[in-house]
Amino acid sequence: MANPAFEDLVDTFEFLDDWEDRYRHVIDMGKAMDPLEDALRVPATKVDGCASQVWLVPQIKDGVFTFRGDSDAMIVRGLIAVLGALYNDQPIADITRIDATAELGRLGLNDHLSAQRSNGLRAMVERIRTTAAMA
């Protein structure tokens with residue numbers, strides 16, 4: 001059920017030989033994101049449960065879900081970009097049906113993130129799913 005952007009990411013991860021290369025790629029994805037404006041870094045957009053500061057700003061337009069996000073940690077910015085590849089430009093009705101654990105498992109993220117980062121990633125996924133369910 002993943003969208004083409006995520007399938008491209010899966011292909012890229014399969015091409016990269018080791019986890020260090022994949023880790024660098026995730027960081028580069030975060031560096032490529034536009035920063036979130038300070039006006040959007042407010043308690044309402046902050047994600048609780050992350051060791052780093054994380055903000056997610058969802059938008060639903062014409063039944064399609066997108067979000068922007070930011071973090072004060074580069075690897076977390078990259079994880080936000082990974083989630084963007086998974087969730088952005090999907091029909092809102094499909095968001096809660098995406099099995100994020102399985103999809104992210106295709107990247108091997110589950111095996112290479114610290115417990116804190118994994119908890120933060122789960123918190124971001126939960127925020128996205130909750131937002132979609134309320135829409």
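Side-chain atoms are counted along with the backbone in the values below, which use heavy atoms only and exclude waters and symmetry mates.
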Task: From CZ (R24) to CG (D28), nearest 0.5 Å - done: 9.0 Å

Open item on the list: So which atom in V125 and which in A100 form the shortest heavy-atom distance, rounded to 0.1 Å?
Closed with: CG1-CB, 3.7 Å

TODO: Mind jotting down which residue pairs meet the ring pair (Phe, Tyr, Trp, His ring centres under 6.0 Å) criterion with at least one end in residues 28-66? Sequence neighbours excluded, please.
DONE: none

Task: Sidechain N-carboxylate O distance under 4.0 Å for E37, R68 - done: yes

Task: Rounded distance (nearest 0.5 Å) linking atom OG1 of T96 with atom CE of M134 - done: 13.5 Å

TODO: Go through the steps to decide whether E103 and F6 satisfy the test side chain to side chain contact (heavy atoms under 4.5 Å, CB included), and finish with yes or no.
DONE: CA-CA 9 Å; E103 295 296 337; F6 190 78; 3.6 Å; yes

Task: Hphob cluster co-occupancy, L79 + L16, side-chain heavy atoms under 4.5 angstrom - done: no

Task: Donor-acceptor contact present, side-chain R127 to main-chain R122, <3.5 Å - done: no

Open item on the list: When you compare the side chains of T12 and R22, does any donor N or O come within less than 3.5 Å of an acceptor on the partner?
Closed with: no

Task: From CG (L86) to CG (L9), nearest 0.5 Å - done: 9.5 Å

- [ ] Give the minimum heavy-atom separation between I60 and A135, together with the two atoms involved.
- [x] CD1-CB, 3.2 Å

Open item on the list: Within the 4.5 Å heavy-atom criterion, are I80 and S71 side-chain neighbours or not?
Closed with: yes

Open item on the list: Rounded to the nearest 0.5 Å, what separates atom OG1 in T66 from atom NZ in K61?
Closed with: 9.0 Å

Open item on the list: Under a 3.5 Å distance rule, please check whether R97 uses its side chain to pair with a backbone N or O of A93 as donor and acceptor.
Closed with: yes

- [ ] Would you sort out whether L83 and F67 count as a side chain to side chain contact (heavy atoms under 4.5 Å, CB included), showing the intermediate values?
- [x] CA-CA 9 Å; L83 290 178; F67 77 91; 3.9 Å; yes

- [ ] Looking only at non-hydrogen atoms, find the nearest pair between I75 and Y23 and report the distance.
- [x] CD1-CE1, 3.5 Å

- [ ] Carefully, step by step, assess R117 and S52 under the rule side chain to side chain contact (heavy atoms under 4.5 Å, CB included).
- [x] CA-CA 9 Å; R117 294 281 185 245; S52 305; 3.1 Å; yes

- [ ] Measure the OH-CE distance between Y87 and M124 for me, rounded to the nearest 0.5 Å.
- [x] 11.0 Å

Open item on the list: Can you list everything that forms a side chain to side chain contact (heavy atoms under 4.5 Å, CB included) with A123? Sequence neighbours excluded, please.
Closed with: V47, C50

- [ ] Keeping the roles fixed (side chain from D89, backbone from V64), state whether a donor-acceptor pair exists under 3.5 Å.
- [x] no

- [ ] Side-chain contact test, heavy atoms from C-beta onward, threshold under 4.5 Å: evaluate it for K46 versus Q53 and give yes or no.
- [x] yes

TODO: Please report the closest heavy-atom contact between R77 and M33, naming both atoms and the distance.
DONE: NH2-O, 2.8 Å

Open item on the list: Distance check, rounded to the nearest 0.5 Å: N3 atom CG versus N88 atom CG?
Closed with: 8.0 Å

Open item on the list: Which residue is it: L104, L109, L113? I am looking for the one with a side-chain contact (heavy atoms from CB on, under 4.5 Å) to S118.
Closed with: L113

Task: For E20, side-chain hydrogen bond (donor to acceptor under 3.5 Å, both in side chains) partners two or more places apart - done: none

Open item on the list: Under 4.5 Å between side-chain heavy atoms, counting indirect links through other Ile/Leu/Val/Met/Phe/Trp/Tyr residues: same cluster for I27 and L121 or not?
Closed with: yes

Task: Close side-chain approach of L56 and T45, heavy atoms under 4.5 Å - done: no

Task: Heavy-atom pair with the smallest gap, counting every atom of F13 and L107 - done: CD2-O, 3.3 Å

Task: Donor-acceptor under 3.5 Å (D70 side chain, P35 main chain) - done: no

Task: Smallest separation among heavy atoms of R129 and I98, with atom names - done: NH1-O, 3.3 Å

